[in-house]
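Each remark here refers to the structure printed beneath this line.
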Amino acid sequence: MSKILVGLKRVVDYNVRVRVKPDGTGVVTDGVKMSINPFDEIALEEALRIKEKGGATEVIVVSIGPADTQQQLRTGLAMGADRAILVQADSVVEPLAAAKVFLKLIEKESPQIVLLGKQGIDDDNNQTGQMLAALWDRPQATFASKVELEGGKAKVTREVDAGLETIEVDLPAVLTTDLRLNEPRYVKLPDIMKAKKKPLETVAIASLGVDTAPQFKTTKYEPPAARSKGVMVKDVGELVAALKQKGLV
Amino acid sequence: MAKILIVAEHAGGKLNPSTAKCVSCASTISGAEIHVAVFATDGAAVAAEAAKIQGVKTVLTVNNAANAEPLAAVLAPQVAAVAANYTHVFGPSTTFGKDLMPRVAALLGVGQLSDIMAAEGAYKFRRPVYAGNAIITVEAPQDKKLVATVRTASFQAAAQGGSAGVEAANVSASLPSHTRFVSRSAAATGRPDLQTAPRVVSGGRALGSSDNFKIIFSLADKLGAAVGASRAAVDAGYAANDLQVGQTGKIIAPELYVAVGISGAIQHLTGIKDARTIVAINKDAEAPIFEVADIGLVGDLFTLVPELEKALG
Ligand SMILES: Cc1cc2nc3c(=O)[nH]c(=O)nc-3n(C[C@H](O)[C@H](O)[C@H](O)COP(=O)(O)OP(=O)(O)OC[C@H]3O[C@@H](n4cnc5c(N)ncnc54)[C@H](O)[C@@H]3O)c2cc1C
Ligand SMILES: Cc1cc2nc3c(=O)[nH]c(=O)nc-3n(C[C@H](O)[C@H](O)[C@H](O)COP(=O)(O)OP(=O)(O)OC[C@H]3O[C@@H](n4cnc5c(N)ncnc54)[C@H](O)[C@@H]3O)c2cc1C
């Protein structure tokens, strides 16, 4: 039995223009569309492809969040995951706490591969996978754009600032996805029906016995500094003149 | 008092400018004592460069044959060991730092703060969330080591002219062999580096092919600029992945940013918010890029870009 554990974080949909609440206590999330973190959809797609090629026997999707997160897990099941685990949490779960939760599930499930997104598009932390790999004392291959499995090892091409880097890691390992790893499949209607019958287990975060108390305190939310209104020019001549005026050419 | 360790980023025996930007950030914390650590096979040349950065008191070299390539799993236990004598550990929010610092934090049993834009005190910082649509103020506990990455686009590199002492540090940490470097393919372009260039010309989906994308390279060469791209242009294969600008690509702060045939999606705009002057060329007058552009020009890029190149002489 070779399992893959996939993180599916519930986030504000990437098409939503997020706004800060006027009182600075957070961002507006009431009535806002929620989706699976795009990087996590890519992680799930990769897990499904590995399974379809015979590289795994079971794909388990995991989310840490409030009860409503079931929606995203159901979508994951409709995409093709075999079962889902919701670790129910009603307050802030920082990346280190999320990593500790994943480690608990790893101890129970003994996966060969844990696939997470490189970052949540809400908090943009880019930490959980790396922290999990450290706590688990296993390899990490972050920002993956290509994954090749061979005999207990994974050869992973990573998107780094200088271009592409390839590393080889022994399994089990944590992999985090970059955008160009794959294009996630669309969910078909019959699969949504089938997904309703797949197992979705709910575990209270407190029952895992890990310290999830937040370490950081967010004291204020502010909108970003607005850029001052620019000018429209009507042709290339005016553009060059405007650049000259700013001393840029 | 804050005692800050900065993990140097380097390649090919040269220090990456991101290190001097981390020093700038650390220098804004009053009374901070700043050290830089160089993890390498032989860090002497890089350490000599780091010693010249103003504000640095001491440079530590940690030489080990295992440090030939920057593998997070191999570096993290060494950084964690050196970190014992410090209150803060900073790295750049480049792919190097993003890969490494969370692993260091977890080994130290603490959380990590990502993308510091400003320090308001030794334990109070500002950072962007939601693709830069919100800026949060975060307070960290004073009784824990603070591990963080510094958003390089928010800081100028600290000036040269320092003369820090260089010391070799002995680190005993058991290093894993489960992670091995295989290869790196960097497109040597001979053009300025996207992350540090004062001028950048970027192309989007509108370019339509990698052949057409050449007009972006040509305009960039005329301006002595680096080349960037939108995700759509990279996904379509018109430009290399390391040219992507945005939330999930590079966050840059050039003096001049020219966006050609780019609509201005939130995820792209996150990457250019700190550019001094943004120029946009787009055929759609309603494109969101014009909401942030300092100078906008509506029209067909295939006529305007060659015309602009010519007008620049
Ligand atoms: C009920 C609730 C309330 C919250 N309130 C706040 C708040 O007020 N302010 C605030 O700043 N944040 C809040 N958060 C968000 C929380 O702080 C973030 O989940 C945490 O910081 C992780 O950040 P990230 O996604 O940027 O991590 P990253 O490290 O960027 O995540 C990388 C990857 O790790 C995996 N992962 C991470 N978290 C989860 C998860 N929960 N479930 C499944 N996979 C995961 C995913 O695969 C993801 O792609 C809240 C969360 C919850 C559940
Ligand atoms: C999780 C996630 C992360 C992302 N991260 C990034 C990121 O880091 N960076 C990024 O860029 N995107 C990112 N995106 C994608 C982003 O949402 C947009 O899809 C992308 O930026 C669009 O690229 P574009 O502007 O080139 O293409 P389009 O939006 O298609 O815009 C093309 C523009 O060209 C104009 N045009 C067409 N023909 C001409 C012509 N002949 N002359 C002049 N103008 C013309 C059009 O009017 C249009 O405005 C991300 C998306 C997601 C979901």
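Proteins come first, then strands; the chains are lettered A, B, ... in the order of their sequence lines, and each starts at number 1.
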Heavy-atom closest pair, residues [X] and [Y]:
X	Y	answer
Val110(B)	Met131(A)	O-CE, 4.1 Å
Phe143(A)	Asp99(B)	CZ-N, 4.0 Å
Val160(A)	Asp242(B)	O-CB, 4.1 Å

Quick one: of [options], who has the most non-hydrogen atom pairs under 4.5 Å with chain A?
options	value
Thr277(B), Leu107(B), Asp193(B), Leu243(B)	Thr277(B)
Lys98(B), Gln267(B), Gln112(B)	Gln112(B)
Ala106(B), Pro102(B), Gly224(B), Ser93(B)	Pro102(B)
Gln244(B), Lys310(B), Glu69(B), Gln247(B)	Gln247(B)
Ser177(B), Ala280(B), Ala134(B), Ser183(B)	Ser183(B)
Asp235(B), Thr303(B), Leu312(B), Leu256(B)	Asp235(B)

How long is the gap from [atom1] on [X] to [atom2] on [Y], to the nearest 0.5 Å?
X	Y	atom1	atom2	value
Ile136(B)	Thr219(A)	CD1	OG1	8.5 Å
Glu94(A)	Leu113(B)	CD	CG	9.5 Å
Leu248(A)	Leu223(B)	CG	CG	9.5 Å
Arg103(B)	Leu132(A)	CZ	CG	9.5 Å

NZ/NE/NH1/NH2 to OD/OE distance under 4.0 Å, Glu291(B) and Arg227(A)
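A salt bridge is absent here (no side-chain N lies under 4.0 Å from a carboxylate O).
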Would you mind checking if Asp294(B) and Lys246(A) are paired as a salt bridge, meaning a charged N to carboxylate O distance below 4.0 Å?
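Result for this pair is no, no salt bridge flagged.
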Under 4.5 Å from any heavy atom of chain B - which part of Phe216(A)
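For Phe216(A), the contact with chain B is made by backbone and side chain together.
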Go through the atoms of Pro176(B) and report whether side chain, backbone, both or neither lie under 4.5 Å from a heavy atom of chain A.
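Nothing of Pro176(B), per the 4.5 Å heavy-atom cut-off to chain A.
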Structural part of Leu194(B) lying under 4.5 Å from a heavy atom of chain A
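Contact with chain A is absent: no heavy atom of Leu194(B) under 4.5 Å.
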